[in-house]
Structure formats: structure tokens, C-alpha cells
Trainee: 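The structure's right below; bear with me while I get my questions together.
Below, all heavy atoms of this structure are taken into account, side chains as well, without hydrogens, waters or symmetry copies.
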Amino acid sequence: MREHLRRELVHRPTQGPAHRIPIRLNDDEYTRAHTAAHTAGQNLETWIHDRITDALEQPE
């Protein structure tokens, strides 16, 4: 997920609020993220937000 986010941010820098990062998941990524969010008892948007925050806070 961290590598995916870094690729998205490099190729699609955005203007606007920092808390909105437009990412596109392929079908497999969406299915895995949706399953993980459901298992964690969170909606997909919240789960992805938490993963993004965690990934960006981790050192490389």
C-alpha cells in the first residue's frame, strides 16, 4: 500500500486539502482493501485513510 501511495502521489500531485488524496485501486487492490476494512469493522474510506496516515508516517 505504501508503494502504491507513493506512486500515486508522484504521478498525480493534487491541489487542495492535504487530507484528500485521490487514489485509484485496481480490482484486486479494491477487493483486498474492502475485505480488510470489513474485517477491521471500518468503512472502506476510513480504513484507507488510516492506512495512508500509517504509511506516510513510516520511515522509508
Side-chain angles (χ1 to χ4, degrees):
M1 180 66 91
R2 183 179 309 139
E3 287 305 313
H4 177 81
L5 293 171
R6 287 188 176 133
R7 280 193 311 271
E8 286 289 318
L9 292 172
V10 166
H11 296 295
R12 301 172 206 257
T14 62
Q15 301 292 325
H19 68 279
R20 302 298 295 183
I21 300 173
I23 61 170
R24 296 181 198 279
L25 302 176
N26 65 34
D27 290 341
D28 181 56
E29 291 169 332
Y30 177 84
T31 299
R32 291 187 298 145
H34 189 270
T35 301
H38 179 73
T39 300
Q42 295 179 313
N43 68 42
L44 184 58
E45 185 175 325
T46 300
W47 186 86
I48 288 175
H49 177 269
D50 291 349
R51 300 298 70 76
I52 290 170
T53 303
D54 292 346
L56 295 177
E57 290 177 352
Q58 295 293 320
E60 291 188 37

Trainee: Which residues pass the ring-ring contact (aromatic ring centres under 6.0 Å, His included) test with His34, not counting sequence neighbours?
Mentor: Tyr30
Trainee: A side-chain contact here means heavy atoms from C-beta on lying under 4.5 Å apart; do Leu25 and Ile48 qualify?
Mentor: yes
Trainee: Salt bridge (charged side-chain N to carboxylate O under 4.0 Å, His left out) with Asp27: which residues, sequence neighbours excluded?
Mentor: none
Trainee: Restricting to side-chain hydrogen bond (donor to acceptor under 3.5 Å, both in side chains), what partner residues turn up for Thr46, sequence neighbours left out?
Mentor: Asn43
Trainee: In chain order, what residues pass the side-chain contact (heavy atoms from CB on, under 4.5 Å) check against Ala40, with sequence neighbours excluded?
Mentor: Gln42, Trp47
